[in-house]
Amino acid sequence: MIYIIEDDQDIREMETYALKNSGFEVEAFSESGSFYEACRKSLPSLVLLDIMLPGEDGLAILKKLRQGDDTKDIPVIMVTAKSTEIDKVKGLDSGADDYITKPFGVMELVSRAKALLRRCPKNSDQKVLSFQGIVIDDDKHTVTVDGKECKLTFKEYELLKYFLQNKGIALSRERLIEQVWGYDFEGESRTVDMHIKTLRQKLGSAGSIIKTVRNVGYKAGE
């Protein structure tokens, strides 16, 4: 899931459209209040953050994210019209992972988002992952669905965790085998399909978060 905080409606809609077309799940906000409320329900994998916002500005939001125990490692791309070198340095020194200046091309935006998600192992270090009623506590190695414990096998657990770490991203069977079973796994891709089937069943109605992506594999979320 990528969260966008941008007060300009045209830019917000353009960013949302471009990222959704690239397979990401996106939520967009025009100010900080609704963004914080969404974070309390589910943490994003990446934040696109404008600096000039009504009320609380982007640098203040970034400071709060970096001070929070559960948000300090979320990758953040600053997207702003402030293009001087001192503005960039200030944003990066405040904890931003990347910086894009307006105007920008949508392909650049998507490429920078993908590159940051690839190079940031931070998400994999999150101890609690949550999405649409599913909560994984990696310290306790437990999964709950709407507050009720869901017992999974080790591979089902690792598979679900990997999906939640990569919400909105289409994952091929080969990538799932590589990341969940390891490079030495020599089974067929049908093994992934079988595990997805049992995982969906055990998650009950919440199993619908795992979507089949035709000719690719699977992803969590839209």
Before you tell me yes or no, could you show the steps for Phe35 and Val47 under side chain to side chain contact (heavy atoms under 4.5 Å, CB included), namely the whole-Å CA-CA distance, both residues' side-chain angles and the distance that decides it to 0.1 Å? CA-CA 10 Å; Phe35 165 71; Val47 174; 4.1 Å; yes
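- In summary, of the residues considered (Leu117, Ile74, Asn166), a side chain to side chain contact (heavy atoms under 4.5 Å, CB included) with Ser45 occurs for Leu117 alone.
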Side-chain donor-acceptor contacts of residues 11-18 below 3.5 Å, not counting sequence neighbours, with atom names and distances?
| residue | atom | partner | partner atom | Å |
| --- | --- | --- | --- | --- |
| Arg12 | NH1 | Glu6 | O | 2.7 |
| Arg12 | NH1 | Asp7 | O | 3.4 |
| Glu13 | OE2 | Gln9 | NE2 | 2.9 |
| Thr16 | OG1 | Arg12 | O | 2.8 |
| Tyr17 | OH | Asn21 | ND2 | 3.3 |

Start with the C-alpha gap between Leu19 and Ile4, add the side-chain angles, then the distance that decides, and say whether side chain to side chain contact (heavy atoms under 4.5 Å, CB included) holds. CA-CA 10 Å; Leu19 290 166; Ile4 296 170; 4.0 Å; yes
Decide yes or no on side chain to side chain contact (heavy atoms under 4.5 Å, CB included) for Val76 and Met78, but give the supporting numbers first. CA-CA 6 Å; Val76 175; Met78 303 299 289; 4.0 Å; yes
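- How far CG of Leu109 is from CD1 of Ile100: 5.0 Å, rounded to the nearest 0.5 Å.
- Every salt bridge (charged side-chain N to carboxylate O under 4.0 Å, His left out) that Lys64 has, sequence neighbours left out, goes to Glu56.
- Under a 3.5 Å cut-off, the side chain of Arg112 and the backbone N or O of Tyr99 do form a donor-acceptor pair.
- Checking side-chain atoms of Lys167 against main-chain N and O of Pro44 turns up no donor-acceptor pair under 3.5 Å.
- Proximity of Leu176 to Leu159: side-chain heavy atoms (C-beta onward) are separated by under 4.5 Å at one or more points.
- Annotation: salt bridge (Lys or Arg N to Asp or Glu O under 4.0 Å) contacts involving residues 194-203, sequence neighbours excluded, comprise Glu156-Lys202.
- In the hydrophobic clustering of ILVMFWY residues, with side-chain heavy atoms under 4.5 Å counting as a link, Val106 and Leu116 come out together.
- Note that CG of Leu48 is 13.0 Å distant from OH of Tyr3, once rounded to the nearest 0.5 Å.
- Here the shortest heavy-atom pairing between Lys155 and Val180 reads NZ-O, 3.0 Å.
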Going through the distances and angles, do Lys219 and Phe24 end up as a side chain to side chain contact (heavy atoms under 4.5 Å, CB included)? CA-CA 9 Å; Lys219 68 176 178 179; Phe24 293 103; over 6 Å; no
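- There is a path of hydrophobic side-chain contacts, each under 4.5 Å, that joins Val79 to Met52.
- Tracing side-chain contacts under 4.5 Å through hydrophobic residues (I, L, V, M, F, W, Y), one reaches Phe104 starting from Leu49; they form part of the same cluster.
- Grouping the Ile, Leu, Val, Met, Phe, Trp and Tyr side chains by contacts below 4.5 angstrom, directly or via other members, places Leu199 apart from Val213.
- Of the inter-residue distances, the one linking Leu160 atom CG with Ile210 atom CD1 reads 6.0 Å to the nearest 0.5 angstrom.
- Between Asp98 and Lys114 there is no salt bridge, since none of the side-chain N atoms of the basic residue sits less than 4.0 Å from a carboxylate O of the acidic one.
- Here the side chain of Ser42 pairs a donor or acceptor atom with the backbone of Ser130 at under 3.5 angstrom.
- When all heavy atoms of Val216 and Ala170 are compared, the pair lying nearest together is CG1-CB, 4.1 Å.
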